[in-house]
Amino acid sequence: MRIAIISDIHSNLEALEKSLELIKGLGIEEIVCLGDIVGYGANPNECLDLVRQTTSHILLGNHDEAAVDLDKMAYFNPYARIAAEWTNQQLKDEKKVFIQGLTPSKQIWGLDFAHSSPFEPEEWHYIITAEDAQQNIPAFSAPICFFGHSHIPGIFCEDSTSREVTRGKKYLINVGSIGQPRDGDWRLSFGTFDTDSWRYENVRSEYDVKKASSKIRKAGLPKMLADRILLGR
Ligand code: ZN
């Protein structure tokens, strides 16, 4: 079975629509969303609707959590805080209830999925360095844990060196971000995985980023949030 793993959409409808169009063309059978559907961008309700229509499993992200409970954004930077408050005002009540029912990690088809990290997933730790990854390897039981949160795609193997995914070793795989990549490449990012052949691929694609950026400005959200998606930082 071929699955797609999408994460960190951040209310970017243009990037989400383009990703789903690509996924359709790839013969994908199931889509897992690792959370942070909302926060930063201009279309929270539309993105949540589309994710619910198209994916089979959805995890909670820290921005989803903050958008429905503003007490949870104490550690947010000022831009994230403004976006969370704006999103909280925009989100329909039914959608808030849906978000409140989500969890930050899950095991599906013998694979682990977490928004931020398998170790204390509700604490929203970041896995950025090889050292972070090594500390997290014992925290999950499946051969692979897919995650997001840092918006930086990458593969970490328990042996610290392998980049190719093969059976018999444990991996942490960051699928990157659909709506706000931060690795210096503005193109949307998601992962595809074949549960039979064990083949993993990171997909990058251009999308109508100018439209998404201008919608952020028009919504009255911080200009910095409109600018950063053009840069991928
Ligand atoms: Zn995020």
Side-chain angles (χ1 to χ4, degrees), residues 1-9 16 18-37 51 54-61 102-178 181-185 187-205:
M1 176 177 68
R2 287 195 76 191
I3 64 170
I5 309 103
I6 64 174
S7 190
D8 297 276
I9 296 150
L16 177 61
K18 179 70 185 188
S19 304
L20 293 170
E21 184 191 315
L22 292 167
I23 286 167
K24 218 176 213 178
L26 290 170
I28 300 292
E29 287 157 84
E30 305 272 359
I31 307 173
V32 178
C33 173
L34 303 181
D36 273 7
I37 299 161
V51 167
T54 53
T55 66
S56 35
H57 299 274
I58 305 171
L59 299 186
L60 177 75
L102 299 174
T103 57
S105 65
K106 214 179 209 183
Q107 195 170 85
I108 317 158
W109 314 302
L111 299 165
D112 275 306
F113 299 87
H115 176 70
S116 63
S117 66
F119 174 68
E120 298 180 340
E122 66 289 342
E123 296 295 328
W124 315 117
H125 301 299
Y126 284 94
I127 300 173
I128 309 270
T129 64
E131 205 176 19
D132 300 334
Q134 288 308 318
Q135 286 170 357
N136 270 274
I137 292 280
F140 62 99
S141 59
I144 302 173
C145 178
F146 294 97
F147 71 105
H149 194 45
S150 70
H151 303 199
I152 299 168
I155 299 173
F156 299 98
C157 178
E158 65 176 341
D159 69 10
S160 303
T161 53
S162 302
R163 292 280 182 108
E164 293 295 313
V165 180
T166 53
R167 285 181 200 273
K169 290 176 186 170
K170 274 179 97 174
Y171 295 87
L172 274 159
I173 301 179
N174 192 321
V175 300
S177 169
I178 298 284
R182 292 180 192 160
D183 59 343
D185 180 347
R187 297 173 305 158
L188 66 85
S189 172
F190 64 88
T192 66
F193 182 67
D194 189 314
T195 58
D196 301 310
S197 69
W198 224 238
R199 185 175 169 77
Y200 174 77
E201 275 177 82
N202 178 224
V203 178
R204 300 300 295 253
S205 170

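Values reported hereafter were calculated over all heavy atoms of this structure, with side chains retained and with hydrogens, waters and symmetry mates removed. These numbers come from a predicted model, not from an experiment. For the single chain, residues carry numbers from 1 onward in sequence order.
Using a 4.5 Å heavy-atom threshold, the side chains of F140 and S105 count as separate. Taking 4.5 Å as the limit, some side-chain heavy atom of I23 sits within range of a side-chain heavy atom of F190. Using a 4.5 Å heavy-atom threshold, the side chains of W124 and P104 count as touching. Here the side chains of L111 and I3 are in contact, with some heavy-atom distance below 4.5 Å. You'll find the side chain of F156 stays beyond 4.5 Å of the side chain of I137, heavy atoms only. Side-chain contact between C157 and T166 is absent, with no heavy-atom pair separated by less than 4.5 Å.
The salt bridge (Lys or Arg N to Asp or Glu O under 4.0 Å) analysis of residues 109-134, with sequence neighbours excluded, yields no pairs. Among pairs with a residue in residues 163-174, those fulfilling salt bridge (Lys or Arg N to Asp or Glu O under 4.0 Å) read D159-K169, at least two apart in sequence or across chains.
By the salt bridge (charged side-chain N to carboxylate O under 4.0 Å, His left out) test, D183 pairs with R204, sequence neighbours left out. Looking at residues two or more places apart in sequence or on another chain, you find a salt bridge (charged side-chain N to carboxylate O under 4.0 Å, His left out) between E201 and R199. The side-chain contact (heavy atoms from CB on, under 4.5 Å) test applied to S160 returns Q134, not counting sequence neighbours. Contacts of D196 classified as salt bridge (charged side-chain N to carboxylate O under 4.0 Å, His left out), with partners at least two apart in sequence or in another chain: none. Every residue was checked against the side-chain hydrogen bond (donor to acceptor under 3.5 Å, both in side chains) condition with T54, not counting sequence neighbours, and none meets it. By the side-chain contact (heavy atoms from CB on, under 4.5 Å) test, Y200 pairs with F146, I155, V165, I173, V175, F193, N202, sequence neighbours left out. Considering only residues two or more places apart in sequence or on other chains, K24 meets the salt bridge (charged side-chain N to carboxylate O under 4.0 Å, His left out) condition with none of them. For S56, the side-chain hydrogen bond (donor to acceptor under 3.5 Å, both in side chains) partners two or more places apart in sequence, or in a different chain, are E30. With sequence neighbours left out, S150 forms a side-chain hydrogen bond (donor to acceptor under 3.5 Å, both in side chains) with N174. With sequence neighbours left out, the side-chain contact (heavy atoms from CB on, under 4.5 Å) criterion links S177 to D8, H151, Q180, P181.
Taken from CD1 in I5 to OG1 in T55, the straight-line distance is 12.5 Å, to the nearest 0.5 Å. Here CG of L102 is found 12.5 Å from NE2 of H57. Values are rounded to the nearest 0.5 Å. Separation of atoms CD1 (I37) and CG (L60) is listed at 8.5 Å; rounding is to 0.5 Å. One finds the CG atom of L172 at 5.0 Å from the CD1 atom of I127 (value rounded to the nearest 0.5 Å). Distance CG/L59 to NZ/K106: 6.5 Å, rounded to 0.5 Å. A distance of 4.5 Å separates CD1 of I28 from CZ of R2, quoted to the nearest 0.5 Å.
For F119 and H125, the ring centers sit closer than 6.0 Å to each other.
The shortest non-hydrogen separation linking S116 to P121 is OG-O, 3.4 Å. Here the shortest heavy-atom pairing between I9 and C33 reads CD1-SG, 3.9 Å.
Ring-plane geometry between Y126 and H149 is classed as parallel, the angle between the planes falling under 30 degrees on a 0 to 90 degree scale with a further cut at 60.
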